[in-house]
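Computed from a predicted structure; not experimentally measured. Residue numbering restarts at 1 for every chain, and letters A, B, ... go by the order of the sequence lines.
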2 protein chains.
Amino acid sequence: MPATHPRQQVDTRQRILDVAERLVQSRGFKGFSYADVAAELGITKASLHYHFPGKAELGEALIVRYGARFMDALEELDGRVSDPRAKLEGYAGLYAGVLRGKRMCLCGILAAEYETLPPPMRAAVVRFFDENEVWLARVLAQGRSDATLSFDGSPSEAAQAIISGLEGAMLVARPYDDLARFQSAAARLLSGLST
Amino acid sequence: MPATHPRQQVDTRQRILDVAERLVQSRGFKGFSYADVAAELGITKASLHYHFPGKAELGEALIVRYGARFMDALEELDGRVSDPRAKLEGYAGLYAGVLRGKRMCLCGILAAEYETLPPPMRAAVVRFFDENEVWLARVLAQGRSDATLSFDGSPSEAAQAIISGLEGAMLVARPYDDLARFQSAAARLLSGLST
DNA sequence: GTCTATAGGCAGATAGAC
DNA sequence: GTCTATCTGCCTATAGAC
């Protein structure tokens, strides 16, 4: 089966996304420029515009890819472990992995810049949080039904608290460059759900 | 007792800080410009540079004033209520008040932009979190000693979890423009500390 | 696909008159 | 203290050659 796109173009597109993703996760969407990405890849700014017409389209593509990868990781987690409690630990571990790379969650940092984002990017950020909430709520509901987890309120509410708790833990841990600070807060979040 | 500075200058300086503070809390530090502030106050950009030589100095002054006001509010809270549990609710209420004004915590949004901040601003952001942690840890220690609160680990660790939990709850609630979402997460954070 | 060249705008900042 | 005028630099984006 032939590739649907010329290989070189696809590779360049992915490399652009890789560099831009790292820059956004560390410096924010307004904190990086086409010039930054171009310089790092050894190409020109004009070439970037061939792959992504504008910064808004690049930003949207970043969120879509990031969200898809995150969902893939959650599916992989579903296949690997069945215990709800272990799934939650795996979920927190995904965040820890991001922070280990000195990065903030892409959608967490974009949430901070939400007011200045173009509407398509705003919608994609909210979609990311919604998808996470759905996955977490399912795990929480399962855990409650088999009595491995215990919590007040609806699974969705509890899921929202986990998401915001982990995002906040990343946000604050990063200035301190202190992974343990994140781990401590994350463990505390999940321990409240144990039976 | 005469004012140490001419009244008009002081007022202008405060009005600059007021406008800039609101802009940073909604759009971020890189999301506003001297032109924005000047236009809103009906003065010129050049006048702003008289009061604050550069954006870095303006930003630092913003954090210092914000932190001082926050600490004042905590002192007022200490004088008004004595029950540790009520103090924590009052603490979360301060965050809720900020969010009600469609704003993010100043230092929370600056934490997201941390990598791009000038060093003096970085130090001031960390100082803000540290001061909050000290206050919270004292309340938590008191609550544990009089058995009105219960938690694992050190008061400082628990304090860090509260700060990051509330910051994250604001961060995520804002794209949804949903105060209830924040309140739900905040209540869940504090309920885990009750006896 | 990638380049050179450039447009057009906005950013932070300064000089100097009043 | 505030103004006008201006500078320099970086930004996103486009035109058109190769």
Side-chain angles (χ1 to χ4, degrees), chain A residues 2-21 23-24 26-63 110 113 115-122, chain B residues 2-21 23-24 26-63 110 113 115-122:
Chain A
T4 52
H5 300 286
R7 173 178 305 277
Q8 200 52 43
Q9 173 176 355
V10 171
D11 284 351
T12 299
R13 186 188 159 91
Q14 294 303 319
R15 287 171 64 215
I16 292 168
L17 289 171
D18 289 342
V19 172
E21 184 181 74
L23 289 172
V24 174
S26 62
R27 305 173 49 86
F29 190 66
K30 307 203 74 151
F32 87 102
S33 69
Y34 267 43
D36 295 330
V37 179
E40 197 157 331
L41 290 176
I43 60 178
T44 61
K45 291 182 288 173
S47 292
L48 289 185
H49 283 283
Y50 169 80
H51 296 278
F52 301 96
K55 209 182 175 188
E57 288 77 20
L58 172 56
E60 194 183 350
L62 283 175
I63 307 169
L110 291 178
E113 301 181 275
E115 290 294 317
T116 67
L117 296 182
M121 287 185 67
R122 289 190 187 193
Chain B
T4 52
H5 300 286
R7 173 177 304 278
Q8 200 54 43
Q9 173 177 354
V10 172
D11 285 352
T12 299
R13 186 187 160 90
Q14 294 303 319
R15 286 171 63 215
I16 292 169
L17 289 171
D18 289 342
V19 171
E21 184 181 73
L23 289 172
V24 174
S26 61
R27 305 174 48 87
F29 190 66
K30 307 203 73 150
F32 87 100
S33 70
Y34 266 45
D36 295 330
V37 179
E40 196 157 332
L41 290 177
I43 61 179
T44 62
K45 290 186 291 174
S47 291
L48 289 185
H49 284 283
Y50 169 80
H51 296 278
F52 301 96
K55 210 182 175 188
E57 288 77 19
L58 171 56
E60 195 183 348
L62 282 175
I63 307 170
L110 291 178
E113 302 181 275
E115 290 294 316
T116 67
L117 296 182
M121 286 185 67
R122 291 190 185 192

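- Going from atom NE2 of A:H51 over to atom C1' of C:dT2 covers 8 Å, rounded to whole Å.
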In B/S/- notation (B base, S sugar-phosphate only, - none; protein heavy atoms under 4.0 Å), nucleotides 4-18 of chain D written 5' to 3' is B------SBBBB---
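- Considering only residues two or more places apart in sequence or on other chains, A:D18 meets the salt bridge (Lys or Arg N to Asp or Glu O under 4.0 Å) condition with A:R65.
- A:D11 has its CG atom 10 Å from the P atom of C:dT2, to the nearest Å.
- Every residue two or more places apart in sequence or in another chain was checked for a ring-ring contact (aromatic ring centres under 6.0 Å, His included) with A:F52, and none qualifies.
- With sequence neighbours excluded, the residues satisfying side chain to side chain contact (heavy atoms under 4.5 Å, CB included) with B:P120 are B:E60, B:P118.
- Checked against side chain to side chain contact (heavy atoms under 4.5 Å, CB included), A:A39 has no partners two or more places apart in sequence or in another chain.
- Straight-line distance from the CG atom of B:L58 to the C1' atom of C:dA11: 15 Å, rounded to whole Å.
- Judged as a ring-ring contact (aromatic ring centres under 6.0 Å, His included), and not counting sequence neighbours, the contacts of B:F32 are B:F29.
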